[in-house]
Amino acid sequence: MLTVPVALRRLDPDLPVPRQARAGDAGVDLHAREAVTLAPGERALVATGVAIALPEGYAAFVHPRSGLAARHGVSIVNAPGTVDAGYRGEILVNLVNTDTREPFEVRRGDRIAQLVVQQVATPVFEVVDELPASERGDGGHGHTGTEETVAHAT
Ligand SMILES: O=c1ccn([C@H]2C[C@H](O)[C@@H](COP(=O)(O)OP(=O)(O)OP(=O)(O)O)O2)c(=O)[nH]1
């Protein structure tokens with residue numbers, strides 16, 4: 001198991017320290033510090049009660065929970081949110097209710113997002129006139145199409 005020590009301040013000692021729901025999960029669950037009701041289509045910045053200090057060379061990413069997305073259409077506006085190593089403020093989650101009919105109730109303590117800690121590289125750009133050739137080249141945005149998958153499946 002790959003681990004990294006991360007200093008964490010509990011801004012609300014009644015909320016649990018974020019942890020994995022199951023051993024081996026990539027993310028640790030972030031809890032809502034306050035209750036909020038999201039009307040259909042509404043968004044809100046929800047506080048999590050934790051602030052962290054990541055080691056240099058790391059970042060943390062605030063990802064949606066797929067269960068909330070599948071069951072309620074609740075996601076994160078800026079998914080994944082980026083928590084920089086130098087950030088010392090409270091981690092906030094920009095939750096959005098994409099459902100067009102049902103409001104979504106967040107209760108204090110609910111698990112609203114997951115935080116994934118990753119090593120990140122700092123790019124050192126070397127400006128060139130031509131990029132090296134590759135098999136894909138400049139094809140993107142659905143360039144390969146979808147029909148091939150169906151043809152192979154039959
Ligand atoms: O989902 C998120 C995303 C960001 N942050 C915090 C940590 C991050 O380090 C800081 C700034 O985020 P970002 O760089 O994405 O925001 P920006 O709009 O570029 O603002 P800034 O000019 O402050 O960098 O806000 C969160 O708490 N939650």
Side-chain angles (χ1 to χ4, degrees), residues 1-129 131-132 134 136 138-144:
M1 193 202 319
L2 181 66
T3 62
V4 60
V6 178
L8 180 142
R9 254 187 84 208
R10 297 173 85 179
L11 307 171
D12 184 335
D14 293 332
L15 290 179
V17 172
R19 62 181 179 86
Q20 296 158 310
R22 290 180 198 80
D25 283 358
V28 296
D29 288 324
L30 295 172
H31 299 260
R33 181 147 74 86
E34 63 226 356
V36 59
T37 302
L38 297 174
E42 198 184 9
R43 65 178 190 260
L45 267 182
V46 184
T48 63
V50 289
I52 59 174
L54 291 160
E56 250 182 64
Y58 285 80
F61 299 95
V62 183
H63 288 267
R65 295 190 61 214
S66 48
L68 289 183
R71 281 196 296 273
H72 304 286
V74 169
S75 190
I76 294 177
V77 179
N78 57 324
T82 304
V83 179
D84 301 288
Y87 181 69
R88 298 289 180 268
E90 182 167 12
I91 296 176
L92 305 176
V93 180
N94 202 342
L95 273 189
V96 61
N97 178 7
T98 68
D99 197 280
T100 52
R101 289 165 305 228
E102 297 293 325
F104 182 73
E105 303 272 349
V106 177
R107 292 160 306 178
R108 181 178 144 76
D110 279 356
R111 295 179 294 145
I112 52 169
Q114 52 184 323
L115 192 72
V116 177
V117 173
Q118 290 183 290
Q119 260 185 320
V120 288
T122 299
V124 179
F125 291 116
E126 294 160 17
V127 177
V128 294
D129 291 329
L131 296 173
S134 74
R136 171 178 283 275
D138 57 9
H141 300 94
H143 189 78
T144 56

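When a ligand or atom number is given, it counts from 1 through the structure's own listing order.
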Distance-only check: which donor-acceptor pairs under 3.5 Å involve side-chain atoms of residues 111-127, not counting sequence neighbours?
unit_1 : atom_1 : unit_2 : atom_2 : d
Arg111 : NH1    : Asp29  : OD2    : 2.8
Gln114 : NE2    : Pro64  : O      : 3.1

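Taking a heavy-atom cut-off of under 4.0 Å, ligand 1 is surrounded by Val62, Asn78, Gly81, Thr82, Val83, Asp84, Tyr87, Glu90, Ile91, Leu92.
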The test is salt bridge (Lys or Arg N to Asp or Glu O under 4.0 Å); show your working for Arg33 and Glu90 and say whether it passes. CA-CA 11 Å; Arg33 181 147 74 86; Glu90 182 167 12; 2.7 Å; yes
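By the ring pair (Phe, Tyr, Trp, His ring centres under 6.0 Å) test, His63 is found to be paired with no residue, residues two or more places apart in sequence or in another chain being considered. With sequence neighbours excluded, the residues forming a salt bridge (Lys or Arg N to Asp or Glu O under 4.0 Å) with Arg107 are Asp110, listed by chain and number.
Side-chain contact between Val96 and Val74: absent, with no pair of heavy atoms (C-beta onward) separated by less than 4.5 Å.
Asp99 places a side-chain N or O within 3.5 Å of a backbone atom of Arg101 that can act as its donor or acceptor partner.
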